[in-house]
Every structure is written in C-alpha cells, then in structure tokens.
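First listed ligand is number 1; within each ligand, the first listed atom is number 1. The analysis underlying the following values was restricted to heavy atoms, covering all of them including side chains, and did not include hydrogens, waters or symmetry mates.
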Amino acid sequence: MKYKGIDIISLHDLDRSFLDYLMKKTKEVKEGKWQNACKGKIVASLFFEPSTRTKLSFDTAIALTGASVIGFSSAAASSTSKGESLSDTIKTIDQYADIIVMRHSVEGAARRAAEVANAPVINAGDGANQHPTQTFLDLFTIFELKERVDNLKIGLMGDLRFGRTIHSLVMALSFYNAELFLISPSILKLPSYYLDYLESKGIKYHELEDFTEVGNELDVLYCTRIQRERFADPVEYQKVANSYEISRDNIESLAKNTIILHPLPRVNEISPTVDDDPRARYFYQAKNGVYTRAALLGIVAGSIS
Ligand code: NCD
C-alpha cells in the first residue's frame, strides 16, 4: 500500500525501488494474478493529444483490472475547446474518477493536473517532456528478454531531442547503471539537461550518429521516430526526416542477441522487412503495455500490493 495515491508524472520523482516493485507486480499481472483487482473503481482517460497504443492499452488494462473507464480521445471532444481552463476540467473530472490518466501536448500539464486533483494523476505523455508509463513497459520488456537492466549496453536512437519516451527512459536507465549509446543526427541530440543528469549519476554515455559503428556491442537498440509535430520549422524536419533506417542492408551490423525495441508508431526508421527478424521485438513490447499499466493502476488505487 506504500504507493497508494501517488501521482506518476516524471521519472524524476521515482526511484529504483518503485521500478523494481512495479516490475514484480507487472510479472504477477502477466501471470494472471490480480484480475478484477480494481473492480468498482472509475478511471478517467483524458487524451488531449492523439494516441493509439497508450490509450488502447490503458483501456485494455482497465478492463483487465475490472475498473470502468470514462473520458475522451481528443481535445476537441472536451470543454477546453469552449475555452475552459485545464484546471477547471481536471477539478471537475476529479469529482467523478478515482484515477486520472492524462495525455496533453503542453509540457508540465500533467504536473498542473496533479496539483489540482485529489485523485492520483498518471502522465500518459506531456509534450516533449516525459512519458513514464512507456518507460515502465520498456523496462519490463528489457527485464523479460535480457533478465536484467544493470550494466547492459543500450543504444537509444532517433529523436533524442523531442522524444519524451527517450527522456523518461534515460532517467530510468540511470538507476540501473546501463551504458548508453546516444545515436542521433546532430540537431536531434539529447538535451543538455539530460546529459548533465547522466553525468551527475556517473552514467557512461557516448554520442554518435550511426548505429552500425556500435551495433555488435549492443544488448538493446531502442529506436524512435522523429517527432515531426514538435518542429517549429518544417524545413528543419525535412533535413533529418530520412536520416536513419534499420533495414535488411544494415541489420547484420547488430549482434545476434541484440533486441530491437521501439515505442511505436514508426514512420520509416525501421523497415517492415525486418519485422520477422527474431531481434525485432517491438510488437511484443507493445503488448507488455497492458500488463504494466494494469499493475500501475492497481498499485496507485491501492488494490494491488
Ligand atoms: C510515443 C509517444 O506518444 O510519445 N508513442 C507511444 O506512446 N507509444 C512515441 C511517439 O509518438 O513517437
């Protein structure tokens, strides 16, 4: 019950013992324990920004735990489109729901919601900032497929500048002393805030542009799409739009046991022709989103302990 009622806003607020606990409970959920643990609870699912996997895997997780869902899947479908403030929308939904799950395009929106709501708020992505629940399923997948996270060599490739899944994952991996290979075009490098964070934690990292240089050393290659919607200037986007792709031509530069992960959606950074390579595990990874989110809902509801 230690984590009952906590908000899940940023990896910054969490620690290794929370992540280890969540991983343990996720495994139990995946093994079939805890079905209907949240029966009678109401979860508000507020997606002010588009989503496929995060929204639908939360919906599936809610069904698995026996809770009920209310909500909307676009800002246009909420009263913010009539000019209502985010705080007023959240204060109202707080009257109906036991847990609030929220995605929003503005960085810091989830934290603002947590300040005004009594119900626990789970950040399902706030702008280019953080996406903690994606990180939880990424970690769970690495634990399952590699049996540990400590001391792994992990490549993070793509839009390290705007990718919120990257920002959350970098922080989580620093709890496990992974060695990081930050692979991106130069204009999409990891922001200095996160580099400073890694340095403060004594985490070894290397910045490079081409994954084939280090592919045979990697335990995990975590690939991301370029976040087109976060570019102020479309010309800047075009400059990097096709700058990397995992394909049949270069996949053999990876080791035999490197796993390829991706939060999805992909655009052109992984060719579908490699989907049946045994190293490609991104759809398997997506399925783990259901178990991780079900465990998280149960933990913050105080129904799983
Ligand atoms: C990610 C997101 O929304 O940040 N998608 C997801 O939740 N699986 C990644 C992305 O949109 O590129």
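Electrostatic pairing of K55 and D59 counts as a salt bridge here, judged by a charged N lying under 4.0 Å from a carboxylate O.
Pairs engaging residues 261-282 under the ring-ring contact (aromatic ring centres under 6.0 Å, His included) rule: none recorded [sequence neighbours left out].
Using a 4.5 Å cut-off between side-chain heavy atoms of Ile, Leu, Val, Met, Phe, Trp and Tyr, with links allowed through other members, F58 and I299 fall into the same hydrophobic cluster.
Of the options E49, E229, E107, a salt bridge (charged side-chain N to carboxylate O under 4.0 Å, His left out) to R164 is made by E49 and by none of the others.
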What short N/O contacts, under 3.5 Å, does ligand 1 make with the protein, listed by atom pair and distance?
residue, atom, partner, partner atom, Å
ligand 1, 3 (O), R103, NH1, 3.4
ligand 1, 3 (O), R103, NH2, 3.1
ligand 1, 3 (O), R164, NH2, 2.9
ligand 1, 4 (O), R164, NE, 2.8
ligand 1, 5 (N), L264, O, 3.0
ligand 1, 7 (O), T54, OG1, 2.8
ligand 1, 7 (O), R103, NH2, 3.1
ligand 1, 7 (O), H131, NE2, 2.7
ligand 1, 8 (N), Q134, OE1, 3.2
ligand 1, 8 (N), P263, O, 3.0
ligand 1, 8 (N), L264, O, 2.9
ligand 1, 11 (O), R225, NE, 3.3
ligand 1, 11 (O), R225, NH2, 2.9
ligand 1, 12 (O), R225, NE, 2.7
ligand 1, 12 (O), R225, NH2, 3.4
ligand 1, 12 (O), Q227, NE2, 2.8

For this session: Start with the C-alpha gap between D277 and R279, add the side-chain angles, then the distance that decides, and say whether salt bridge (charged side-chain N to carboxylate O under 4.0 Å, His left out) holds.
Result: CA-CA 5 Å; D277 188 289; R279 291 167 283 194; 2.9 Å; yes
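Y194 and H167 have parallel rings, their planes meeting at less than 30° on a 0 to 90° scale where 60° marks the start of perpendicular.
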